[in-house]
Peer 1: 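Here you go, one structure.
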Amino acid sequence: MRKIVVGMHVSLDGFVGGPNGEMNWIKANDEVFTYSDAMTKAADTALYGRTTFGMMESYWPTAAEQPNATKHDIAHAAWYKKVDKIVLSKTMQDAALKNTTVIGENVAEKISALKQQAGKNIQIFGSPRAVHSLMQANLIDDFWLFVNPVILGEGIPFFKVITERIQLKLVSNEALKCGVLVVHYERVLD
């Protein structure tokens with residue numbers, strides 16, 4: 001069975017975005033990119049919410065062609081172009097974008113069926129509302145949290161909608177030189 005793996009930057013007080021969704025507090029550098037690169041190598045499908053997909057689609061298709069493209073930009077752009085993309089959205093129409101499927105109804109059932117198909121991991125970067133939906137359906141298998149050294153005080157909470165306990169097992173953790181704590185948890189199956 002395929003795993004759904006979440007990679008999420010979070011503040012020390014549990015927010016994944018500022019009050020208006022701002023992300024200018026996130027530390028993103030080569031240390032952090034080492035982890036995201038490893039996660040993409042283990043995935044053949046990317047899952048996004050509509051807002052995050054819009055941000056990704058406006059950047060990654062041409063990121064490698066920019067004169068200031070980094071090694072990470074080039075590698076991630078190549079991955080983004082080839083992977084299947086799933087967008088969770090009730091408002092977005094099934095766009096005629098390459099390798100992209102929009103799911104707006106029966107999300108839990110369709111994602112459960114997708115997990116049963118052969119393939120590598122299904123990777124989610126960001127997309128807090130999509131993650132909330134999948135957490136409620138108990139479909140997330142791994143959580144990679146990038147705990148940034150900042151307290152926001154308010155914003156978009158990561159664990160906003162949890163109504164049932166999700167038991168986790170610590171797989172690994174590492175404190176990076178930039179101050180980010182990388183914590184990998186795996187869901188404990190009953």
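Every heavy atom of this structure was used, including side-chain atoms; hydrogens, water molecules and symmetry mates were not.
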Peer 1: Could you list the donor-acceptor pairs under 3.5 angstrom formed by side chains in residues 17-27, with sequence neighbours left out?
Peer 2:
residue: E22; atom: OE1; partner: N20; partner atom: N; Å: 2.7
residue: W25; atom: NE1; partner: E22; partner atom: O; Å: 3.1

Peer 1: Cluster question for you: counting only ILVMFWY and a side-chain heavy-atom cut-off of under 4.5 Å, with indirect links fine, are V147 and F33 together?
Peer 2: no
Peer 1: Given side chains that start at C-beta, do those of V83 and N99 come closer than 4.5 Å, heavy atoms only?
Peer 2: no
Peer 1: Where do I111 and L88 land on the side chain to side chain contact (heavy atoms under 4.5 Å, CB included) test, with the steps shown first?
Peer 2: CA-CA 10 Å; I111 298 300; L88 302 185; 4.2 Å; yes
Peer 1: For the residue pair V5 and D141, establish whether any side-chain heavy-atom pair is separated by less than 4.5 Å.
Peer 2: no
Peer 1: Under 4.5 Å between any side-chain heavy atoms of N138 and R187, yes or no?
Peer 2: yes
Peer 1: Determine the minimum heavy-atom distance between S36 and H72, stating which atoms define it.
Peer 2: OG-CE1, 3.5 Å
Peer 1: Closest approach of L168 and V188, non-hydrogen atoms and distance?
Peer 2: C-CG2, 3.7 Å
Peer 1: Side chains of F159 and I166: closer than 4.5 Å at any heavy-atom pair?
Peer 2: no
Peer 1: Quick check against the 3.5 Å criterion: does N29 have a side-chain atom that pairs as donor or acceptor with the backbone of V32?
Peer 2: yes
Peer 1: Is N121 reaching over with its side chain to a backbone N or O of Q123, donor-acceptor style, under 3.5 angstrom?
Peer 2: no
Peer 1: Would you say I124 and F15 are hydrophobically clustered, going by side-chain heavy atoms of ILVMFWY under 4.5 Å?
Peer 2: no
Peer 1: Test your reading of the model: is there a side-chain donor-acceptor pair from S133 to the backbone of V131, 3.5 Å cut-off?
Peer 2: no
Peer 1: Return yes when atom CD of Q116 has more than 12 non-hydrogen atoms of other residues, nucleotides or ligands closer than 6.0 Å, and no otherwise.
Peer 2: yes
Peer 1: Closest heavy-atom contact between L97 and E57?
Peer 2: CD2-OE2, 3.9 Å
Peer 1: Please report the interatomic distance CD1(I140) to CG(L134), rounded to the nearest 0.5 Å.
Peer 2: 4.5 Å
Peer 1: As an exercise, state the distance from NZ of K41 to NZ of K120, rounded to the nearest 0.5 Å.
Peer 2: 10.0 Å
Peer 1: So among V10, V16, D13, which one has a side chain to side chain contact (heavy atoms under 4.5 Å, CB included) with L152?
Peer 2: D13
Peer 1: Which residue pairs satisfy the salt bridge (Lys or Arg N to Asp or Glu O under 4.0 Å) criterion with at least one member in residues 62-86, sequence neighbours excluded?
Peer 2: E65-K81
Peer 1: Working to the nearest 0.5 Å, report the span between CG of L47 and CD1 of I86.
Peer 2: 6.5 Å
Peer 1: For residues F158 and L181: do they belong to one hydrophobic cluster (side chain heavy atoms under 4.5 Å, members Ile, Leu, Val, Met, Phe, Trp, Tyr)?
Peer 2: yes
Peer 1: Please work out whether the ring planes of H76 and W79 are parallel, tilted or perpendicular, with thresholds of 30° and 60°.
Peer 2: tilted
Peer 1: When you look at R2 and D44, which way does the side chain to side chain contact (heavy atoms under 4.5 Å, CB included) test go after all the steps?
Peer 2: CA-CA 10 Å; R2 301 168 80 184; D44 62 4; 2.6 Å; yes
Peer 1: So T100 and F53, side chain to side chain contact (heavy atoms under 4.5 Å, CB included) or not? Walk me through it.
Peer 2: CA-CA 10 Å; T100 303; F53 176 73; 3.9 Å; yes
Peer 1: What are the two closest heavy atoms between A64 and A69, and how far apart are they?
Peer 2: O-CB, 3.8 Å
Peer 1: Once you round to the nearest 0.5 Å, how far does OG of S172 lie from OH of Y185?
Peer 2: 10.0 Å
Peer 1: Please say yes or no: joined through hydrophobic side-chain contacts below 4.5 Å, possibly via intermediate residues, are M1 and V6 part of one cluster?
Peer 2: no
Peer 1: Taking atom OG1 of T45 and atom NZ of K115, what is their separation to the nearest 0.5 Å?
Peer 2: 12.5 Å
Peer 1: Using a 4.5 Å cut-off on heavy atoms from C-beta on, say whether the side chain of F125 contacts that of M39.
Peer 2: yes
Peer 1: Quick one: NZ on K177 to CG on D30, what's the gap to the nearest 0.5 Å?
Peer 2: 12.0 Å
Peer 1: Taking all non-hydrogen atoms of both residues into account, name the closest pair between S127 and M8 and its distance.
Peer 2: C-CE, 4.5 Å
Peer 1: Flag yes if Y59 and M55 sit in one hydrophobic cluster, no otherwise; membership is Ile, Leu, Val, Met, Phe, Trp, Tyr, and two members link when side-chain heavy atoms are under 4.5 Å apart.
Peer 2: no
Peer 1: For P149 versus C178, what's the shortest heavy-atom pair and its separation?
Peer 2: CG-O, 4.4 Å
